[in-house]
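Working notes for the structure below.
Just the heavy atoms: all of them, side chains too, but no hydrogens, waters or symmetry mates, feed the values below. Below, read A as the first sequence line, B as the second, and so on, with proteins coming before strands; counting in each chain starts at 1.
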Amino acid sequence: MAKSVLTPQSEDFPRWYQEVIQKAEMAENGPVRGTMIIRPWGYAIWERIQKELDERIRATGHKNAYFPLFIPMPFLEREAEHVEGFSPELAVVTHGGGSELGEPVAVRPTSETVIGDAMSRWIQSHRDLPLLLNQWANVVRWELRPRLFLRTSEFLWQEGHTAHATWEDAQAETLRMHEVYADLMQSVLAIDPVLGRKTDTERFAGAEATYTLEALMRDGKALQMGTSHNLGQNFARAFDIGFSTPEGDRELCWMTSWGVSTRVVGALIMVHGDDRGLRLPPALAPAQVVVLAVRDETSDVCQRVSGELRALGLRVETDVDTHTGFGRRVTDWELKGVPIRIEIGPRDVEEDSMTLVRRDTGAKESVALGSAASVVPETLRTIQAELLGQATARQDEMTTDVENVDEIVSGDGNGFMRLPWVDVSADGERRLNEHGLSVRCLVAPEGSVPTTEGAIESSLAYVARAY
RNA sequence: CGGGACGUGGCGCAGUUUGGUUAGCGCGCAGCGUUCGGGACGCUGAGGUCGCGGGUUCAAAUCCCGCCGUCCCGACCA
């Protein structure tokens, strides 16, 4: 057994996290504090997420567009709660073209305001509704304590913005996208987050209701993986986004917004990663299989097997860099989390076989050279399913029911602690915050998302330490 | 902004307390050879304004002053 490449998770989880990002060549710090250089391997993972999510966003009838990075300050100020929520982390440009600007402009922390301004012109009639837009963009929220992927001053995301004729339509949209996110997490990222509603203290600045997806990382801390907001008429009022009804009355639109960011890459690392590195779900992995030549003389066979697998539509890397030691290459691919490694050496070729190794379990088996096309896809499906199964089981194990806030505050603060929301309330929430804990979300007793006052009253609070 | 450190080849560090040869070490990098089924090894080699500016001194990475920058800990967020 070779000595471990990474600091074990059990020894120092934050250090493990940093090391795995560095050694898997995913990302590094940019020259300005809080910025991130996303390296090809990390970016390829993000692009996979983008592709999967973009397809789902289009499939639900949304169109992509692009709005400016710079936002006039007065825009942000129009919605009182919105500006208050974002002003501490706002980056403001004061100079341009060599001189001080008369009107400073903000670098977007999110785009509700610019998009709202445009929508107010684009929407005139009920026939213009619903208006379903999405944009892929970078945003800036100045961070004092940055962490790669989890919290950076600039990050990449997708933000959806929609306008509807009724509250019911907006609510349906909010919940629909919440579900789209859940599907992405489960079927692609192999993570099964808790779907719930944010308390008023954690609600998005300017929203009427915020719905969230919260997952537990391996160290027992929670991470918000996505949010979907019902904005009510708050922004419609601030930006005068109205429409004429069929009856000829003028009414304000009901709006939503929803987003998923590069932060989910952090979740992926911390949910599935182990002491050997990343473990990527096949649906997401930029390379699902790496075919590795043990010796130079087996390179041709490797190329052939890779070709067969690519013909099936699989993403395949071929590693015939025999100049580098075998062990070294094995370790590197494990760090990068490629789900299946196929090793082909002289011994395999002699027996007309190859060695197939699963990254998730480490299990090795010798299979016939000709069977790649049948064995590999099957194994990829198995890995995808088992990663989700493991992650879900671990999260369940780390979720405990508790009696009251005292019990939480006196405990070790690990995992989700669940109790009736009425037993927490605003006062209990403050106490939790003082102890570095927070109510991550509220879930209705039957497991659904609470949408009414009554459902909130009877809901369960999920409490955890959070990233 | 308050508290604690740190700045020396690409990266990680030693050397600074007590000034004194040619500023070392590990990793990485280049060449050659032997290796190759779980981070290989040997030999050879390249690579340094010791954060910046000033001062003290025969002599400064080392002492003094100033500046700059970075990291860690305390009030927000996807």
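For A:Asp348, whose side chain is taken as the heavy atoms from C-beta onward, the closest listed nucleotide among B:rG39, B:rA78, B:rG37 is B:rG37.
Between B:rG3 and B:rC13, the distance separating the two P atoms is 25 Å to the nearest Å. Atom P of B:rG10 sits at a distance of 16 Å from the matching atom of B:rA30, rounded to the whole Å. Rounded to whole Å, the separation between the C1' atoms of B:rC29 and B:rG69 comes to 28 Å.
No contact: A:Thr298 has no heavy atom under 4.0 Å from any strand. At the heavy-atom level, A:Gly345 lies under 4.0 Å from base atoms of the strands shown. Residue contacts for A:Glu343: at a heavy-atom cut-off of 4.0 Å it reaches a base atom on one of the strands shown.
Open room surrounds CH2 on A:Trp142; 12 or fewer heavy atoms of other groups in view lie less than 6.0 Å from it. Heavy atoms from other residues, nucleotides or ligands lying under 6.0 Å from CD of A:Glu81 number more than 12.
Ring-centre distance between A:Phe204 and A:Phe86: below the 6.0 Å cut-off. The ring of A:Phe149 has its center no closer than 6.0 angstrom to the ring center of A:Phe155.
Checked by distance alone, A:Lys364 brings a side-chain donor or acceptor within 3.5 Å of a matching partner on the base of B:rG38.
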